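What follows is one structure encoded as structure tokens, with my remarks underneath.
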2 protein chains.
Amino acid sequence: MKATNTDHSLTNIYYYGSDKILVAVDCIIFGFDIIEEKLKILLFKRLVEPFAGQWSLVGSFVRKDEDISLAASRILFELTGLGEVFMEQLRSYGKPDRDPGSRVISIAYYSLIQINDQLNNLHDAQWFEIKDMPKLVLDHDEMVRDAQEQLKQNAIRRPIGFNLLPEYFTLPQLLKVYKEIYQKPLDDRNFRKKILSMDLLIKSNEKDKSGSKKGAFLYKFDKEKYQNLVKKGFLFEL
Amino acid sequence: MKATNTDHSLTNIYYYGSDKILVAVDCIIFGFDIIEEKLKILLFKRLVEPFAGQWSLVGSFVRKDEDISLAASRILFELTGLGEVFMEQLRSYGKPDRDPGSRVISIAYYSLIQINDQLNNLHDAQWFEIKDMPKLVLDHDEMVRDAQEQLKQNAIRRPIGFNLLPEYFTLPQLLKVYKEIYQKPLDDRNFRKKILSMDLLIKSNEKDKSGSKKGAFLYKFDKEKYQNLVKKGFLFEL
DNA sequence: GCAAAAGTGTTGTCAATACACCCATGA
DNA sequence: TCATGGGTGTATTGACAACACTTTTGC
């Protein structure tokens, strides 16, 4: 079907007669503090009015020709210097008055990073335990709640907890990650059985002795094997 | 912390110096055809270039001061005349070149409606079985795939299949709905056990004899009870 | 009386849970 | 030698899957 002139003018009305809106991307950045064994969130102090100086998620406007997921990556990179990190779209927030500064639709992403990576601490960023979080600007508290819920849900279906740990990690560490994500106690024997039965961990001969005298064996997540299983449509239940 | 003039000018730069973008809402409308016992999707012929005349999801631009979820409801209402329907955000699509007509970020919603409600058939709308769907414009095929997946996932965790049926429905009908959602056979005895054990169905004394000579009892979903359970944080697994 | 769909129970299997002790080591 | 966290096995339970026959009634 070929376009006619009439169609084109319709198109013009359709596209150019419609309202353009500021679109932001905000990131909920989760990290696992290996020392304190706590799941934390990275917050920073908002630079602009309204609410300058108050705690906020990191965010930025989407640029005219920028992919939204790339915008999210850009923000994360600017703040942390990290390139390849686990990041997924949460959902969009679009109440007309959610930002008193202007009408802004925000697309939230959450990401899982290793906390001890050094931050480009340009922005007065700081890690908070979720229960100790200050009140955030705009609807960012809601975003955090939603992200936490999403993280729980997704951690059941896919092995994503690894993203919060360094390449090599111990099973006790991984157990603690999952305890923090689910916010409930987990039996260590059952956890080991389940996680090892997935057959996605590569055991090394090294031990990490930082946590105990005996030392715990270091494991590595088998990304390739995982990708292959995903390709075959395999379903996980953690 | 009080705003200073400097802050305000920063704000101005921040908000007004940023790119505004067209934001659309697109709806994946699922319906269950009780006669054919098939899950279907409502499509319509696109009115504007590019791709005028080709099959498309229903959508519209979000207006300057419009809540995005209200935009979604508005679109659904304009097309179907239906007010209170089940509708949830799927996710946003934001590749810079996803719409050759202009840079448009689209927020997708999916909804579940009863198919036999009369449509305001302004738009050349038509129901399609998912497997018989024509190729859709832009990235709408991807949206439909994602919505189907989301529907499957959500139907496991929450009793939403009811939204595809009239207020009173029979268990054989509900079974067929779930078979269609999951795209796999379900054992009717096990299904009955599970669904009745949730204790969320109110049995009436009426029978629907349209499907058989014997007739099947009509049930009604107990919305109040369900709302109460949700409030108490109860978790479902269907 | 028969065709066609509705309705009903039992059994086996597997996965999740609960639970307690020995091991290795550094201090 | 002892305190600390790491590592292991088994019994029980409950949920899900598999499976076949009787009932009702319009034609």
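Not measured: the values here are computed from a predicted model.
Checking A:Asp187 against A:Lys176, the closest nucleotide of DNA chain D that is more toward the 5' end is the one next to A:Lys176. Residue B:Gly211 is the one, among B:Gly211 and A:Lys184, whose nearest nucleotide of DNA chain C lies closer to the 5' end (criterion: closest heavy atom).
Atom C1' of nucleotide C:dA5 and atom CD of B:Gln173 are separated by 13 Å, given to the nearest angstrom. One can place CG of A:Asp188 at 11 Å from P of D:dT8, the figure rounded to the nearest angstrom. Following rounding to the nearest Å, A:Lys207 (NZ) and C:dC23 (C1') show an atom-to-atom distance of 9 Å. In this structure, B:Arg192 atom CZ and D:dC16 atom P are separated by 18 Å, rounded to whole Å. To the nearest angstrom, C1' of C:dA24 lies 17 Å from CD of A:Glu206. Rounded to an integer number of Å, the gap from NZ of B:Lys193 to P of D:dA17 is 10 Å. Residue B:Arg189 contributes atom CZ, which lies 10 Å from atom C1' of D:dA17 at whole-angstrom precision. When rounded to the nearest whole Å, the span between CD1 of B:Ile156 and P of D:dC16 equals 12 Å.
The ring of B:Tyr168 has its center no closer than 6.0 angstrom to the ring center of B:Tyr219.
Interface remark: the B:Asn190 side chain does form a donor-acceptor pair with the D:dA18 base, using a distance-only criterion of under 3.5 Å. Side-chain to base pairing of B:Lys214 with D:dT23: one donor and one acceptor N or O lie within less than 3.5 Å of each other.
A:Asp26 and A:Ser106 share a side-chain donor-acceptor pair at under 3.5 Å. No side-chain donor-acceptor contact under 3.5 Å links A:Asn228 and A:Lys225. B:Tyr93 and B:Glu142 are not linked by any side-chain donor-acceptor pair at a separation below 3.5 angstrom, with hydrogens and angles left out of the test.
Considering only the side chain of A:Lys213, C:dG26 comes nearest among D:dC19, C:dG7, C:dG26. Each of D:dG6, D:dG7, D:dC16 was ranked by its minimum atom distance to the side chain of A:Phe217; first place goes to D:dG7.
Relative to the ring axis of A:Phe217, A:Lys207 places its NZ or CZ within 45° and under 6.0 Å from the centre.
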